[in-house]
Amino acid sequence: MTVVTPAGAEPGRADRARTRVVTVTPAPSIDRVYVVDALRTGSVNRAHRIEVDIGGNGVNLARDLRAAGNDVVAVVPLDLESVVDLVDDASLFRVVPVAHRPRVNTVIVGSDGVTTNVNQAATPLTAPEWRSLRAAAAQEVRRLRPDWVVVGGTVPAGAASLDPGPWADLAGAGGGRLCLDSPGAVVAGWIERGVVPDLVSPNLAELEDATGRRIGTMGDVLDAAARLIDRGVGAVLVSLGARGAVLVDGDDIRWARTPPALVVNTTGAGDAALAGLVSRWNGDRDGAAAERALTDAVRWGRAAVSRMAPTIAPDEVDCVRVAIDAPPRSLRVD
């Protein structure tokens, strides 16, 4: 049966405390967004607007949570001198100094909302830099006692020293849960090494990479998510783009979607959806709480695609109708 959350009604919101979150982004970036009328390959394109920000999954997530009022800190390895003019909220960051400049990701957004990304490969971290990153994260966990430790974004190539064990231990030591918001290959690698996160949040391509399964229908999505659950992952949030999102939380499966949005820029939409999910949900097996969290997730993701800025203002998120029910296995999602 379909459950519809009416516009203007958000059950239990007043009673839900904000979570505390520590994010770790091993490969932050400088995101350069070029807005063009239309992208024409093989010819000169002129941008009529350019936005430049510090990015990366964990950074984007932390910004959205800070805007919502969550107690959050983003632990990042950065050459601070090269990005100091881009740090708009120094209190958000715990910076681990490194010698190299951050990678540059180029985002080209057309007037039709089509987004093209060209992401630079991440510079590997040295063994001492990895140790410093872990030490800084551990200190923030001890200080904040977070509900979630989120390791986000890509992992620098050849970074065998990113042993997942210490990150799982770090979350547990703080009494919180571990979320891995990274490419599917990283998720698969962690699971193969015996570390199973409490939450992962792939899009369709990342879910394919994490499970080695071709995904064309909702049934394929559910089977792939169930495979991760069977291997010990606590919950799986799958972003489906315009079709909303699916949350598989143990044996509970919920599909949420909103009315269509005017798409301006899809970059960061998955981060916004994850922020909405964890902003007031600590991962407990409470069906009503999970449903409310999923409602926030799809609303925040919808708000993100309709804005150019990398950070959404949750107080400005449209309180649109959210339909939640069991997903039809035959629905095409590719």
Side-chain angles (χ1 to χ4, degrees), residues 18-31 51-98 100-105 119 122-123 125 129-156 159 162 166-167 170-171 174 176-183 186 197 199 201 267-279 300 304 309-314:
R18 296 286 182 189
T19 57
R20 299 179 302 278
V21 181
V22 171
T23 74
V24 182
T25 306
S29 61
I30 296 175
D31 290 349
E51 302 278 351
V52 184
D53 293 283
I54 299 176
N57 291 34
V59 172
N60 298 336
L61 180 79
R63 278 204 188 96
D64 290 337
L65 290 172
R66 171 63 64 86
N70 290 74
D71 199 352
V72 59
V73 63
V75 182
V76 290
L78 278 175
D79 170 23
L80 193 55
E81 288 188 5
S82 67
V83 297
V84 66
D85 58 330
L86 300 179
V87 178
D88 53 354
D89 183 359
S91 67
L92 179 64
F93 296 95
R94 170 66 185 273
V95 174
V96 176
V98 294
H100 60 269
R101 293 176 60 86
R103 63 199 175 105
V104 177
N105 291 342
N119 291 352
T123 302
L125 299 179
E129 288 169 343
W130 279 116
R131 289 194 294 269
S132 296
L133 189 65
R134 287 196 296 267
Q139 190 173 54
E140 293 303 323
V141 167
R142 288 192 297 270
R143 179 184 68 84
L144 199 58
R145 303 291 294 181
D147 300 283
W148 293 100
V149 173
V150 182
V151 179
T154 189
V155 175
L162 182 58
W167 300 103
L170 183 66
R177 289 181 164 87
L178 175 67
C179 172
L180 181 58
D181 180 29
S182 291
V186 177
L199 173 65
S201 58
T267 302
D271 301 325
L274 177 59
L277 186 81
V278 304
S279 178
W300 288 33
T311 303
I312 64 169

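The first residue in the sequence is number 1, and the count goes up from there. This one's a predicted model, so the numbers in the text were calculated from it and none came from an experiment.
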Counting distance only, does the side-chain N/O of [X] pair as donor-acceptor with the main-chain N or O of [Y] below 3.5 Å?
X	Y	result
R18	A68	yes
D79	H100	no
T19	S279	yes

- Item | Contact summary for G56 and T25, nearest pair of heavy atoms | CA-CG2, 4.2 Å
Under the side-chain contact (heavy atoms from CB on, under 4.5 Å) rule, collect the residues that match up with [X], sequence neighbours excluded.
X	result
A27	R103, A122, T154, P156
E51	V33, R49, D53, M308
N57	D181, D271

About how many Å separate [atom2] of [Y] and [atom1] of [X], when rounded to the nearest 0.5 Å?
X	Y	atom1	atom2	answer
T23	L65	OG1	CG	8.5 Å
L199	L274	CG	CG	6.0 Å
Q139	L170	CD	CG	11.5 Å

Listed partners of [X] passing salt bridge (Lys or Arg N to Asp or Glu O under 4.0 Å), at least two apart:
X	result
R66	D89
R143	E140
R63	none

